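By convention in this document, chain letters (A, B, ...) are assigned in the order of the sequence lines, proteins followed by strands, and residues within each chain are numbered from 1. All values reported here derive from a predicted model rather than from experimental measurement.
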There are 2 protein chains.
Amino acid sequence: MSTSSDPAQGPELEIVHLLRATTVELGLHSARFAQRNGMHPTDVRALIALMDARRARQELSAGRLGAVLGLNSAGATALVDRLERAGLVRRARGRQDRRTVVVELEERAMALGRSFFGPLIDRSVELLRGYDAHQMAAIRGFLTGVREAAAGDGGAAGRGA
Amino acid sequence: MSTSSDPAQGPELEIVHLLRATTVELGLHSARFAQRNGMHPTDVRALIALMDARRARQELSAGRLGAVLGLNSAGATALVDRLERAGLVRRARGRQDRRTVVVELEERAMALGRSFFGPLIDRSVELLRGYDAHQMAAIRGFLTGVREAAAGDGGAAGRGA
DNA sequence: GCGAATATCTTGCTCAGCGAGATAATAGGG
DNA sequence: CCCTATTATCTCGCTGAGCAAGATATTCGC
């Protein structure tokens with residue numbers, strides 16, 4: 001966000017800060033969406049995870065959803081309660097394992113998600129169409145590398161207070 | 001609804017989802033860092049904003065910090081209280097306008113921030129060194145475009161429940 | 001100096017998320 | 001088939017982040 005860094009340190013650092021600024025902006029966009037619809041940031045993240053799972057044609061249980069979002073079981077239950085009360089999801093018992101609760105998206109949630117992601121996705125695809133294969137490979141490689149670095153928990157982080 | 005479902009629709013969509021996955025992973029990384037240091041997500045975001053301001057050689061007041069993070073004045077006061085109690089920042093009265101409270105980072109917070117961002121930044125720079133100017137321009141252009149699209153509040157999103 | 005405007009702080013409240021434990025369903029050994 | 005360990009979810013009680021409203025302190029225009 002805000003003004004850039006010392007470009008003197010190289011174009012690489014400038015891009016690193018640009019990536020961070022972009023993630024911050026996406027987060028703020030998401031927060032605006034949440035507030036506008038009377039939801040909490042966690043609810044939006046849950047919606048994203050559920051739509052992701054749906055794209056991959058996989059069921060998502062309450063517990064697994066909570067794990068993805070970093071909640072404990074009580075928090076996961078409360079989350080699904082909220083989403084259900086808002087009419088965004090419905091609970092269904094798992095078929096083979098009836099202990100599990102499968103969280104299924106209501107049509108309303110899909111529409112809401114599309115209204116949120118659609119324009120952003122369309123604009124992104126439009127941007128990408130302007131690049132050649134060589135450039136696309138670079139974008140893909142960079143994002144993949146950063147994702148793996150973040151997932152690998154690169155942050156050392158000493159003991160807090 | 002065209003765009004947002006099928007990965008077979010082209011390499012563009014794959015990259016869009018990759019970007020989203022990357023931001024999610026960065027968010028989880030940040031959450032792990034927060035928990036490990038007894039902080040909350042908002043505290044980490046505040047630290048980022050403060051380090052950003054410092055890089056830009058700009059002072060950040062309590063109220064302005066709260067605005068950046070989307071908090072009201074009470075929330076901003078509580079946030080600075082928390083960070084101060086954790087020894088991460090100190091309050092200082094503004095020089096020309098003594099109503100304001102300038103939030104200044106303690107050395108400890110800088111070190112903590114570096115331990116969090118350092119490895120990720122290093123890895124990112126390393127990745128970027130493998131690309132030529134043509135590719136760097138594509139990465140820069142794509143990220144800039146997405147950031148602007150998100151900032152422009154592309155999400156329509158009607159009234160929620 | 002007086003009153004309006006502005007920045008922060010205080011008070012009281014709501015609700016997201018946690019820890020601990022209860023309940024329900026499955027899997028395996030006898 | 002029954003009994004026990006395991007696993008998935010839910011219930012209860014609590015902590016604390018953030019909000020709304022208002023108090024307090026400082027600045028600016030007149």
Exercise. If every non-hydrogen atom of A/Thr42 is compared with every non-hydrogen atom of A/Leu79, which pair is closest and at what distance?
Worked result: CG2-CD1, 4.1 Å
Problem set entry | Polar side-chain atom of B/Tyr131 near backbone of A/Phe142 as donor-acceptor pair, under 3.5 Å |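 At least one qualifying donor-acceptor pair exists.
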With a 4.0 Å cutoff (strictly under), does any side-chain N or O of [X] reach OP1 or OP2 of [N]?
| X | N | result |
| --- | --- | --- |
| B/Arg82 | D/dA17 | yes |
| B/Asn72 | D/dG18 | no |
| A/Arg98 | D/dA8 | no |
| B/Ser73 | C/dC9 | no |

Problem set entry | CZ/B/Arg140: more than 12 non-hydrogen atoms of other groups inside 6.0 Å |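 Correct, the count exceeds 12.
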Exercise. Is it the case that more than 12 heavy atoms not belonging to A/Arg54 sit under 6.0 Å from its CZ atom?
Worked result: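 Count not over threshold, so no.
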How would you label the contact of [X] with the nucleic acid (heavy atoms, under 4.0 Å): base, sugar-phosphate, or nothing?
| X | answer |
| --- | --- |
| A/Arg93 | nothing |
| A/Thr100 | sugar-phosphate |
| B/Asp97 | sugar-phosphate |
| B/Gly66 | nothing |
| A/Ala78 | nothing |

For [X] and [N], give me the distance from atom [atom1] to atom [atom2], rounded to whole Å.
| X | N | atom1 | atom2 | value |
| --- | --- | --- | --- | --- |
| A/Arg45 | C/dA16 | CZ | P | 14 Å |
| A/Glu84 | D/dT9 | CD | C1' | 13 Å |
| A/Leu83 | C/dC15 | CG | P | 16 Å |
| B/Asp81 | D/dT15 | CG | P | 19 Å |
| B/Gln96 | C/dT6 | CD | C1' | 14 Å |
| A/Met39 | C/dG17 | CE | C1' | 17 Å |
| B/Leu79 | D/dG16 | CG | P | 16 Å |
| A/Glu59 | D/dA8 | CD | P | 15 Å |

For this session: Establish whether the base of C/dT8 is bridged to the side chain of B/Arg99 by a donor-acceptor pair shorter than 3.5 Å.
Result: no
Problem set entry | Closest to side chain of A/Thr77, choosing from D/dT9, C/dC18, C/dT10 |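 That would be D/dT9.
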Seminar exercise, completed: Walking DNA chain C from its 5' end, the first of A/His40 and A/Arg95 to be reached, judged by nearest nucleotide, is A/His40
Seminar exercise, completed: Tracing side-chain contacts under 4.5 Å among Ile, Leu, Val, Met, Phe, Trp and Tyr outward from B/Leu28 reaches B/Val24
Exercise. Knowing that exactly one of B/Leu143, B/Leu26, B/Asp52, B/Leu120 qualifies, which makes a side-chain contact (heavy atoms from CB on, under 4.5 Å) with A/Arg20?
Worked result: B/Asp52
Exercise. Could you spell out the base pairing of DNA chain D in dot-bracket, with Watson-Crick or G-U pairs whose two distances are under 3.5 Å, [ ] crossing and | to another strand?
Worked result: ||||||||||||||||||||||||||||||
Exercise. Nearest nucleotide by nearest heavy atom, which residue falls closer to the 5' end of DNA chain D, B/Arg85 or B/Ala74?
Worked result: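 So the residue in question is B/Arg85.
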Exercise. Between A/Leu18 and B/Arg147, is a side-chain contact (heavy atoms from CB on, under 4.5 Å) present by the stated rule, with each step listed?
Worked result: CA-CA 9 Å; A/Leu18 179 55; B/Arg147 188 193 53 182; 3.8 Å; yes
Exercise. Hey, mind stepping through A/His17 and B/Arg55 against side-chain contact (heavy atoms from CB on, under 4.5 Å) and telling me if it holds?
Worked result: CA-CA 11 Å; A/His17 288 300; B/Arg55 265 186 354 102; 3.5 Å; yes
